[in-house]
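Below is one structure, written out as structure tokens; the observations come after it.
Each chain gets a letter, A, B and so on, in the order its sequence line appears, and its residues count up from 1. Atom set for the values below is all heavy atoms of this structure, side chains included, hydrogens, waters and symmetry mates excluded. Every value quoted in this text rests on a predicted model; they were computed, and no experiment measured them.
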Amino acid sequence: MRKILRGEFFNRPTLKVARELLGKFLVRKQGRKMVALMITDVEAYIGHRDRASHASRGKTARNALMFGQAGYWYIYFTYGMHWMLNIVTEGNGYPAAILIRGVQNISGPARITKFLKIDKKLNGKSALRVSGLWIEDRGVKVASRMIKKGKRVGVDYAGEWKNRPWRFFINSLV
DNA sequence: ACGATGATGAAC
DNA sequence: TTCATCATCGTA
């Protein structure tokens, strides 16, 4: 079993999508080279009131993708050197996205994009077809007892929103 | 604990 | 146009 996730998968409540992204495969293709890595850690950014989200200060040129259709990549540059990879969720007009924070053998959102050579060239591209970057279900089931949740990382500025348990990750397998 | 390093958004 | 901030990471 090996299928690309479709628009209907992403156009749903973000927390549900986030949980279900664990165990799916992020697939990167550049020419003949193809790499697939299982997603192990994600964070949800939901709605216009979530102060940790770029969308909390309204629609801008940078964050406009978050307000758009589900299933598109939202990739932005931060700290002067890092690219962050997000997939847009929920319906058109409602700002939400999921940060891909970890994949197998790679922890940290900036390390993923560095390893897979992901930058602004993929920003706004569709994740729903075979192109440069998409997500596949390869039949891996992650038992719910293996899924942990916690606070999002690096959002201490977000007031009460910093405490929302909107990070989901697979308990370290050993 | 802190510096790297530059785009972004808000203030002026 | 200027300025503080930032969904981080490597080094210490």
Side-chain angles (χ1 to χ4, degrees), chain A residues 5 9-24 26 28 35 37-91 93-127 132-135 147-172:
Chain A
L5 298 186
F9 179 90
F10 298 105
N11 186 5
R12 292 185 299 151
T14 304
L15 293 179
K16 200 171 176 58
V17 177
R19 246 186 246 103
E20 292 182 21
L21 274 179
L22 298 176
K24 301 297 189 292
L26 181 65
R28 174 75 167 123
V35 187
L37 296 168
M38 196 178 76
I39 296 170
T40 57
D41 193 348
V42 297
E43 280 177 0
Y45 291 84
I46 308 171
H48 59 281
R49 286 167 43 199
D50 175 7
R51 282 186 51 204
S53 171
H54 290 171
S56 67
R57 279 181 274 183
K59 195 181 199 173
T60 66
R62 178 176 66 162
N63 68 20
L65 279 157
M66 289 187 75
F67 291 76
Q69 264 202 294
Y72 286 77
W73 296 114
Y74 169 44
I75 298 166
Y76 66 89
F77 188 66
T78 193
Y79 294 113
M81 57 186 99
H82 301 307
W83 294 98
M84 298 290 111
L85 176 64
N86 301 258
I87 184 75
V88 175
T89 57
E90 312 225 21
Y94 185 78
I98 295 168
L99 171 69
I100 311 291
R101 166 167 287 286
V103 296
Q104 58 183 138
N105 303 328
I106 305 177
S107 296
R111 289 167 149 199
I112 294 173
T113 53
K114 186 179 181 193
F115 182 76
L116 295 176
K117 297 188 170 56
I118 291 165
D119 62 19
K120 66 181 174 196
K121 290 194 287 294
L122 287 165
N123 188 38
K125 295 285 193 295
S126 171
L133 187 67
W134 65 93
I135 302 177
I147 299 178
K148 298 265 189 197
K149 63 180 174 180
K151 299 176 184 181
R152 294 170 294 178
V153 174
V155 296
D156 286 349
Y157 57 84
E160 56 182 312
W161 294 87
K162 79 177 183 210
N163 295 319
R164 299 284 171 128
W166 287 356
R167 176 187 185 193
F168 300 90
F169 53 100
I170 299 179
N171 195 13
S172 58

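Not one side-chain nitrogen or oxygen of A/Arg167 sits closer than 4.0 Å to the OP1 or OP2 atom of C/dA7. Put simply, A/Tyr74 has no side-chain N or O that comes within less than 4.0 Å of OP1 or OP2 on C/dA7.
Taking the ring axis of A/Phe115 as reference, the NZ or CZ atom of A/Arg28 does not stay both within 45° of it and closer than 6.0 Å to the ring centre.
Contacts between residues 46-72 of chain A and DNA chain B, defined by a heavy-atom separation below 4.0 Å, involve A/Arg57, A/Thr60, A/Arg62, listed by number.
The NZ-P distance, from A/Lys151 to C/dA7, rounds to 18 Å in whole Å. A/Asp41 has its CG atom 16 Å from the P atom of C/dA7, to the nearest Å. For A/Ile75 and C/dT8, the CD1 to P distance is 16 Å, given to the nearest whole Å. As a whole-Å value, the separation of A/Phe77 CZ from B/dG9 P is 14 Å. Between the CD1 atom of A/Ile112 and the C1' atom of C/dA7 there is a distance of 12 Å, given to the nearest Å. Computed from coordinates, the A/Asp156 CG to B/dA1 P distance equals 13 Å when rounded to whole Å. Note: OH (A/Tyr76) to P (B/dG9) measures 12 Å, nearest angstrom. A/Arg111 has its CZ atom 13 Å from the C1' atom of C/dT11, to the nearest Å.
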Atom pairs under 3.5 Å: protein N/O with N/O of nucleotides 2-5 of chain B:
residue : atom : partner : partner atom : Å
B/dT5   : O2   : A/Tyr79 : O            : 2.4

- Task: Using a 3.5 Å limit on both pairing distances, list the dot-bracket string of DNA chain C from the 5' end; Watson-Crick and G-U wobble pairs count, crossing pairs take [ ], interstrand pairs take |.
- Result: ||||||.||||.
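Taking a cutoff of 4.0 Å between a charged side-chain nitrogen and a carboxylate oxygen, A/Lys151 and A/Asp156 do not qualify as a salt bridge. The residues A/Arg51 and A/Glu160 are annotated as not salt-bridged, no charged nitrogen and carboxylate oxygen being separated by less than 4.0 angstrom.
Distance from the side chain of A/Val155 is smallest for C/dA7 among the nucleotides C/dT8, B/dG6, C/dA7.
For the P atom pair drawn from B/dG3 and C/dA4, the interatomic distance equals 16 Å after rounding to whole Å.
Of the N and O atoms on the side chains of A/Glu90 and A/Thr14, at least one donor lies less than 3.5 Å from an acceptor on the other residue.
The distance between the ring centers of A/Tyr74 and A/Tyr76 falls below 6.0 angstrom.
Ring-plane geometry between A/Phe77 and A/Trp83 is classed as tilted, the angle between the planes lying from 30 to 60 degrees on a 0 to 90 degree scale.
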- Just do the salt bridge (Lys or Arg N to Asp or Glu O under 4.0 Å) check on A/Arg152 and A/Asp50 with the steps written out, would you? CA-CA 12 Å; A/Arg152 294 170 294 178; A/Asp50 175 7; 2.7 Å; yes
